[in-house]
Amino acid sequence: MDDTAAMLARAEFLEMCDDEQRRMLAFAGDQQHFGAEQVLYRAGEIPSGAFVLLEGVLQVAPQGDGSAPYTIDEPGSVVSAMALILAKPRPVTITALTEAQVFFVPRHAFMKLVQQSPVLAQRVAERIQADLGSYLEALQPIRNKFKR
């Protein structure tokens, strides 16, 4: 369990959790194996949590916006971090390009920790605010084109 908690400490989105919270997530989650070309989830589905890449290469294929697929190959990468907070359909299909090991973190376990810890809740709110700010900043050049 401690090895999994240490791995979660390296996962960028989960760095906001303290050691005890990561141990609880390690206990609540599970390690999963996906074969090459196996789908973790499809666009339009509502995943029940997020995945932390342990090894392998994943492809992220955005649907409907014309964006090109991209790969994730960095161990510790959190795939679909917002699925830890929101039960909404995801706009991407995630597929293992190679054999892949991931650790699944269930939303219900993460949200229970958020509800129990005002400090963690504040960190999550700050992270969402920062991510939203980055997204809106990236849209600024497009917005200027539509101003009249």
Side-chain angles (χ1 to χ4, degrees), residues 3-18 21-115 117 120-147:
D3 289 343
T4 303
M7 175 271 308
L8 292 176
R10 293 187 302 272
E12 193 243 337
F13 187 84
L14 298 173
E15 66 193 5
M16 66 182 83
C17 296
D18 64 28
Q21 290 164 337
R22 283 189 289 270
R23 276 193 288 281
M24 294 173 86
L25 291 175
F27 182 75
D30 66 308
Q31 190 167 326
Q32 298 177 4
H33 173 84
F34 289 88
E37 303 199 21
Q38 191 173 359
V39 174
L40 281 72
Y41 66 85
R42 298 185 187 287
E45 294 179 354
I46 302 173
S48 57
F51 297 91
V52 178
L53 181 63
L54 302 177
E55 63 181 57
V57 180
L58 304 176
Q59 180 181 56
V60 180
Q63 302 295 304
D65 69 357
S67 298
Y70 59 93
T71 59
I72 297 173
D73 61 2
E74 184 70 32
S77 296
V78 179
V79 180
S80 200
M82 284 298 114
L84 289 171
I85 301 162
L86 301 171
K88 299 285 184 192
R90 306 309 305 155
V92 297
T93 296
I94 308 291
T95 306
L97 287 182
T98 65
E99 298 274 324
Q101 293 288 332
V102 298
F103 187 82
F104 178 73
V105 180
R107 178 177 35 262
H108 68 84
F110 184 77
M111 290 307 297
K112 184 174 183 179
L113 293 177
V114 169
Q115 291 166 355
S117 171
L120 180 57
Q122 180 62 36
R123 289 177 184 156
V124 169
E126 289 168 359
R127 174 60 186 258
I128 292 169
Q129 183 178 15
D131 287 354
L132 186 56
S134 296
Y135 176 74
L136 293 174
E137 188 176 303
L139 291 177
Q140 191 62 35
I142 297 169
R143 182 175 175 243
N144 291 336
K145 289 181 181 180
F146 290 107
K147 276 189 170 179

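Atoms considered below: every heavy atom in the structure, side chains included; atoms not considered: hydrogens, waters and symmetry mates. We count residues from 1, following the sequence as given. Since the model is a prediction, treat every value here as computed from it, not as a measurement.
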Check: Would you say E126's side chain and R123's backbone share a donor-acceptor pair under 3.5 angstrom?
Finding: no
Check: After noting the C-alpha distance and the side-chain angles of F110 and V124, does the key distance pass the side-chain contact (heavy atoms from CB on, under 4.5 Å) rule?
Finding: CA-CA 11 Å; F110 184 77; V124 169; 3.8 Å; yes
Item checked: CG-CG distance between L14 and L113, expressed to the nearest 0.5 angstrom -> 10.0 Å
Checklist line | Ion pair check, E74 and R10, cut-off under 4.0 Å | finding: no
Notebook entry, point to check: Is the closest side-chain heavy-atom distance between C17 and L8 below 4.5 Å?
Noted result: no
Item checked: Reported CZ-to-CG distance for the pair F104 and L25, which is rounded to 0.5 angstrom -> 11.0 Å
Checklist line | Note, Q59 side chain near Y70 side chain (heavy atom, < 4.5 Å) | finding: no
Notebook entry, point to check: In Å, rounded to the nearest 0.5 Å, how long is the span from OG of S117 to CD of Q122?
Noted result: 10.5 Å
Notebook entry, point to check: Stepwise, does the side-chain contact (heavy atoms from CB on, under 4.5 Å) test hold for I94 with V39?
Noted result: CA-CA 6 Å; I94 308 291; V39 174; over 6 Å; no
Check: Minimum heavy-atom separation for A43 to Q63, with atom names?
Finding: CB-CG, 3.0 Å
Margin query: Taking the side chain as everything from C-beta on, heavy atoms only, tell me whether V79 gets closer than 4.5 Å to V52.
Written below: no
Notebook entry, point to check: Do S80 and R90 meet the criterion of a side-chain donor-acceptor pair at a distance under 3.5 Å?
Noted result: yes
Margin query: Let me confirm one number: the OG1-CZ distance from T98 to F34, rounded to the nearest 0.5 Å.
Written below: 12.5 Å
Check: Do any N or O atoms from the side chain of R107 and from the backbone of A83 form a donor-acceptor pair under 3.5 angstrom?
Finding: yes
Check: Which heavy atom in P47 sits nearest to a heavy atom in K88, and how many Å separate them?
Finding: CD-O, 4.3 Å
Checklist line | Nearest non-hydrogen partners of A81 and V78, listed with the distance | finding: CB-CG1, 3.7 Å
Next item on the list: Answer yes or no: are there more than 12 heavy-atom neighbours, outside R42 itself, under 6.0 Å from its atom CZ?
Entry: no
Next item on the list: Quick one: closest heavy-atom pair of Q38 and H33, and the distance?
Entry: OE1-O, 4.3 Å
Check: In Å, rounded to the nearest 0.5 Å, how long is the span from CG of L84 to CE of M111?
Finding: 9.5 Å
Notebook entry, point to check: Where the side chain of Q21 meets the backbone of D18, is there a donor-acceptor pair that is under 3.5 Å apart?
Noted result: yes
Check: How close do A5 and R23 get, heavy atom to heavy atom, and via which atoms?
Finding: CB-CG, 3.7 Å
Checklist line | Interatomic spacing from OG1 in T95 to CG in L58 - rounded to 0.5 Å | finding: 8.5 Å
Check: Per the side chain to side chain donor-acceptor pair (under 3.5 Å) rule, which among Q32, Q31, E55 passes with Q101?
Finding: Q31
Next item on the list: Heavy atoms only: give me the nearest L54-P75 pair and the separation to one decimal.
Entry: O-CB, 3.5 Å
Notebook entry, point to check: Is there side-chain contact between Y41 and I46, with heavy atoms separated by less than 4.5 Å?
Noted result: no
